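Reviewing the structure listed below.
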2 protein chains.
Amino acid sequence: MAQRGRRSARISGDERQDAILVTAEALLGERGFDDISIEDLARGAGISRPTFYFYFSSKDGVLLALLDRVITEVEYRVGQLPRDFDSDPAGAWTRSIGVFVEVFTSHRGVATAAIAGCSRNEEVRKLWSKSMQSWADFSTNVITSEQARGAAPGGIDAHDLAVSLNLMNERVITAVLNQESPAIAGSRALDVLSTIWIRSIYGSVHPGSP
Amino acid sequence: MAQRGRRSARISGDERQDAILVTAEALLGERGFDDISIEDLARGAGISRPTFYFYFSSKDGVLLALLDRVITEVEYRVGQLPRDFDSDPAGAWTRSIGVFVEVFTSHRGVATAAIAGCSRNEEVRKLWSKSMQSWADFSTNVITSEQARGAAPGGIDAHDLAVSLNLMNERVITAVLNQESPAIAGSRALDVLSTIWIRSIYGSVHPGSP
DNA sequence: GACAGAGTCAACACTGTGTCGAGAACCCGG
DNA sequence: CCGGGTTCTCGACACAGTGTTGACTCTGTC
């Protein structure tokens, strides 16, 4: 059955759609989103420019699809993590932040294009902000319960703290990925970020030790 | 001498240049940079589109000039501040951060357009990164000396910490100005940011008390 | 073997950017 | 007051990129 006839005379729609995504992610690895035209994507996928519009309504539609996959990967990997904030707070925070660092690093082009795209496109902004919101909510809950059990001091609203720290992560990671200056060394990013999270949540250098 | 003759028959070049800047800042108050065309700027300044190019080489040139003025204002106001980090660390940090919050808030449109523009334009990026670098260097020096005099604990590189906190400020302030979600309330921003700075620099909730 | 639908693309319309070259207004020394 | 350089102005053009339209070609199905 495999390969009925000689070959599928025409490449299927799904393959084409995928070819566009693959081309886009590849091109995003070598240049910025703005320097990629729809023509480039179409050519890379072996179709003409108008045909591109059969699969995506715009260049941003492609970015949206790519971003969606990256976010799903983060959600999945964070979901796999143990929730041992009360037994090992420092380790638990570090592991969560580590997922972001790793996933965004392995999809550098998509991550930077998507975050830059937030200022330009409504839908990209919506999708990204939805995720940021869910991560911030998760952090808020953990911080609130750490404050409730007396492990973390009050003096700051848990939600404000959670949002600010998540925004910091976003910005610091983008700076690293873009090789901006100033930025910090990629190899130290995780360490630096978790230190700041822990110090500002627990108000002390070594939390957890009773 | 005032108003020699009847009036300058033609408006001077400097006035035109200024009219463009004024128009740009006004329009940035009501819509995003991408939604403003060179035509809009020219019309606002009472000139034709080609004439615009006599004064600025592109739309980004205008943004660059506006950003430059904002940065100068921050530098000036930070320079006026007392440098009393050893007698009142919390207050000193809060006052510095407060300058950023105030100046960027009062030039909301320029600030958000410029920061978004970094991902698009080389020169805007250069200018912004130069300033970020100088603020990060300043913070690094203060943190280093706080660590040296034993007021702040080690365990984190002063420069890494300084850069990350400055990037956090940038991102949190932009989120507030853009009314993003998640973001924090503008009225609490200064408080939240300084709390995070102080906790992560001093590793404790109340620094300075010997 | 014709019909439906999925897929394809040449050609077009439009928007915005940037350039060119001809000219108008202005300034100053002679 | 005149001539010549400088500053300033804009109509007309060239161009790149986006998005649309309408006709055409497959491919599987009844």
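Source: prediction; values computed, not measured. Naming convention: chains lettered A, B, ... in sequence-line order (proteins, then strands); numbering from 1 in each chain.
If you take CZ of B:Phe52 and P of C:dC20, they are 17 Å apart, rounded to a whole angstrom. Between the CZ atom of A:Phe56 and the C1' atom of D:dG19 there is a distance of 16 Å, given to the nearest Å. Distance, A:Glu39 CD to C:dA11 P: 14 Å, rounded to whole Å. If you measure from atom CG of A:Asp40 to atom P of D:dG17, you get 8 Å, rounded to the nearest angstrom. Atom-to-atom, CZ of A:Phe54 to C1' of D:dT25 comes out at 13 Å; the value is rounded to the nearest Å. Atom CD in A:Glu15 sits about 17 Å away from atom P in C:dA6, given to the nearest Å. Atom CD1 in B:Ile38 sits about 12 Å away from atom C1' in C:dT19, given to the nearest Å. Taking atom OH on A:Tyr53 and atom C1' on C:dA10, their separation rounds to 15 Å, with Å as the unit.
When the side-chain nitrogen and oxygen atoms of B:Tyr55 are compared with OP1 and OP2 of D:dT9, one or more of them lie within a distance under 4.0 Å. OP1 or OP2 of D:dT9 has not a single side-chain nitrogen or oxygen of B:Thr51 nearer than 4.0 Å. For the OP1/OP2 pair of D:dT9 and a distance below 4.0 Å, the side-chain nitrogens and oxygens of B:Arg16 include at least one atom meeting the criterion.
The residue among A:Pro50 and B:Ser57 whose nearest nucleotide of DNA chain C is located toward the 5' end is A:Pro50.
Residue A:Arg49 places a side-chain atom within donor-acceptor reach of the base of D:dG19, judged by atom type and a 3.5 Å distance cut-off alone.
Between B:Glu25 and B:Arg108, none of the side-chain N atoms (NZ, or NE/NH1/NH2) sits under 4.0 Å from a carboxylate O, so this pair counts as no salt bridge.
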Which pairs of donor and acceptor atoms, one on a side chain in residues 41-50 of chain A, lie under 3.5 Å apart (sequence neighbours left out)?
from	atom 1	to	atom 2	distance (Å)
A:Arg43	NH2	A:Asp40	OD1	3.4
A:Ser48	OG	A:Thr51	OG1	3.2

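Note that the CD1 atom of A:Ile173 and the CZ atom of A:Phe104 stand 6.5 Å from one another [nearest 0.5 Å].
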### Message
Could you walk me through whether B:Val70 and B:Leu66 satisfy the side-chain contact (heavy atoms from CB on, under 4.5 Å) test, starting with their C-alpha distance in whole Å, then the side-chain angles of each, then the deciding distance to 0.1 Å, before giving a yes or no?
### Response
CA-CA 7 Å; B:Val70 172; B:Leu66 290 173; 5.8 Å; no

